[in-house]
Amino acid sequence: VHSPRVEHSFPTGPLSEGTHRMLVEFSRDKSPAEQAEVVVEESSAEPVGTSAWLWRSPILYGRPQSSGTKPLNARSDVPLVMFVTEEQRDDGVEYEYSVVWSNEDGGTGVFAPVLMARYGRTTDIEWVYRVRVDAEGEVVKEVYQAAGHGTREFTGLKVGDHPVLQVSTDNNNMRQIDPGKEPANGLRFALAPVLWDEEGPRERVMDAHPWTYRVAWQEMTREKGLFGAKGESPGDATTAALGDVRDYLIVEVDLESPSGAKWRFGARVDGVWYWSDHGLALGAYEGSGWGRTAIELPPGTSSDAVEAVRARVSGLPKGSRARLREVRAFRLDAEFWPGEPIIDVAPEADLARDSAEFEWVR
């Protein structure tokens, strides 16, 4: 059984010289786990130093309260992990900050099975802020992701060098705060970003922080979607409703796929094929490069019972082809920890006709 311990870091923002005291307190009124006990086993502090990606990380405020006294992002769409990528540009280094949210109450998030089919997860992963600095560390350009997934120049409030943003939509897009107008109320999140340079899909950030899977599933069992509860219990692999995420085969792929091509992925158990899209057009997997999907299996199915995995593409434009470069599949264990891959192959398969498919048999 895996320990429920979680390592969590946050920046304090600029501090004056001298001795400082930190108080850590469990806010029962804000937590959905009202009966939980939280124990701080160990704490430490260290200066940020010269890591520009640390001292320029954004501070986030949750969505404005809509009713009562409970900040929405304390019980729903909680920012779990922030990660930052680094890219060299002609005029400097660009840092992009992204957040893994426990879900999204708008957009695709209202239909959780589509999230599993398109992304292999029920979380929402969005970039929130980008900053480019030159060789002297001066800001060249800074932008944030605004409503409608738009990109806008950041000119708002900062705490030290930390930009301040607030969630402004149900699908976790941002708005900037005017200087001198930091919100008086609301939940404030200051997450220490993880520098991420690993190849593969961004969902691997969740694998590195497995507790995120548990938190996301707990939210699914609390909330309502288009078809009742976002997570059904017991699950049924023959219906589109979201089953227990531990019953899914999570499939990671690397594709070369032309625009318009649609993919579905299947797993065979006891001679029966189960498909990632559940036969729904909205569940089709699209895109090129690294990504994930998931296939719901009957409750209680062991990984050893998966007989074969299949990838099928349709909608290829005339004269085009798709290429399946890598396929990796795994399950979450009882404690929501990612297990060892049950398939990990690099087929380099060319699919050049409609309904072409690649199959891996155990």
Side-chain angles (χ1 to χ4, degrees), residues 8-25 27 29-30 45 47-84 91-99 101 104-106 126-134 136-193:
H8 182 73
S9 301
F10 61 92
T12 63
L15 297 175
S16 60
E17 291 185 9
T19 301
H20 296 269
R21 181 182 179 187
M22 182 176 69
L23 174 67
V24 179
E25 186 176 47
S27 298
D29 63 322
K30 297 181 177 68
V48 168
T50 59
S51 300
W53 52 273
L54 277 174
W55 44 265
R56 293 192 183 278
S57 60
I59 293 171
L60 307 178
Y61 274 91
R63 291 194 297 254
Q65 298 177 16
S66 61
S67 62
T69 60
K70 311 284 188 185
L72 289 174
N73 287 103
R75 291 178 173 264
S76 180
D77 301 0
V78 181
L80 303 177
V81 177
M82 180 182 290
F83 62 99
V84 56
D91 55 351
V93 181
E94 184 169 278
Y95 301 104
E96 179 179 277
Y97 298 84
S98 299
V99 173
W101 307 83
E104 58 176 335
D105 287 336
E126 300 279 359
W127 76 271
V128 293
Y129 172 72
R130 294 189 193 117
V131 60
R132 192 178 305 174
V133 296
D134 61 21
E136 285 71 43
E138 297 298 322
V139 172
V140 175
K141 182 179 182 180
E142 50 189 331
V143 296
Y144 66 98
Q145 183 172 189
H149 300 290
T151 299
R152 293 187 182 175
E153 180 183 3
F154 179 85
T155 58
L157 174 69
K158 288 188 176 182
V159 175
D161 289 303
H162 299 281
V164 178
L165 295 166
Q166 183 169 32
V167 181
S168 64
T169 69
D170 287 345
N171 61 337
N172 304 316
N173 289 165
M174 300 286 119
R175 75 178 183 93
Q176 67 178 18
I177 307 297
D178 292 335
K181 295 184 179 180
E182 188 168 1
N185 298 309
L187 204 59
R188 172 169 154 165
F189 301 89
L191 303 178

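Basis for what follows: all heavy atoms, side chains included, without hydrogens, waters or symmetry-related copies. Throughout, residue positions are numbered sequentially from 1 according to the sequence presented.
When side chains are defined from C-beta on, Arg132 does not count as touching Val139, because their heavy atoms never get closer than 4.5 Å. Side-chain contact between Leu165 and Phe154: present, with at least one pair of heavy atoms (C-beta onward) separated by less than 4.5 Å. Proximity of Trp101 to Val167: side-chain heavy atoms (C-beta onward) are separated by under 4.5 Å at one or more points. Within the 4.5 Å cutoff, side-chain heavy atoms of Trp127 are placed close to those of Thr151. Side chains of Arg188 and Val164 form no contact here, defined as non-hydrogen atoms less than 4.5 Å apart.
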*asked:* Test side chain to side chain contact (heavy atoms under 4.5 Å, CB included) on His149 and Asn171; report intermediate values, then the result.
replied: CA-CA 9 Å; His149 300 290; Asn171 61 337; 3.4 Å; yes
*Which is it for Val128 and Gln145 under the side chain to side chain contact (heavy atoms under 4.5 Å, CB included) test, yes or no, and what are the steps along the way?*
CA-CA 5 Å; Val128 293; Gln145 183 172 189; 5.8 Å; no
*asked:* One pair to check against side chain to side chain contact (heavy atoms under 4.5 Å, CB included): Val133 and Tyr95. What are the steps and the verdict?
replied: CA-CA 8 Å; Val133 296; Tyr95 301 104; 3.8 Å; yes
*Start with the C-alpha distance between Arg56 and Tyr97, add both sets of side-chain angles, then the distance that settles side chain to side chain contact (heavy atoms under 4.5 Å, CB included), and finish with yes or no.*
CA-CA 10 Å; Arg56 293 192 183 278; Tyr97 298 84; 3.8 Å; yes
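Residue pairs meeting the salt bridge (Lys or Arg N to Asp or Glu O under 4.0 Å) criterion with at least one partner in residues 137-152, sequence neighbours excluded, are Glu142-Lys158.
Annotation for Gln166 and Gly62: closest pair NE2-O, 3.0 Å, computed over non-hydrogen atoms. Between Pro11 and Ala192, the shortest heavy-atom distance links the atoms CD-N, 3.6 Å. Across every non-hydrogen atom of Pro79 and Val99, the tightest pair is CB-CG1, 3.8 Å. A pairwise comparison of heavy atoms in Pro193 and Leu54 identifies CD-CD2, 3.9 Å as the closest pair. Pro163 approaches Ser57 most closely through the heavy-atom pair CD-O, 3.8 Å. Between Met22 and Phe10, the closest heavy-atom pair is SD-CZ, 3.6 Å.
For the atom pair OH of Tyr129 and CE of Met174, the computed distance is 13.5 Å after rounding to the nearest 0.5 Å. Once rounded to the nearest 0.5 Å, the distance linking CG of Leu157 with CG of Asp178 reads 8.5 Å.
Thr155 pairs by the side chain to side chain contact (heavy atoms under 4.5 Å, CB included) definition with Glu153, Gln176, not counting sequence neighbours.
Between the Asp170 side chain and the Asp105 main chain, no donor and acceptor come within less than 3.5 Å of each other.
No option in Asn172, Thr169, Leu187 other than Asn172 meets the side-chain contact (heavy atoms from CB on, under 4.5 Å) test with Arg63.
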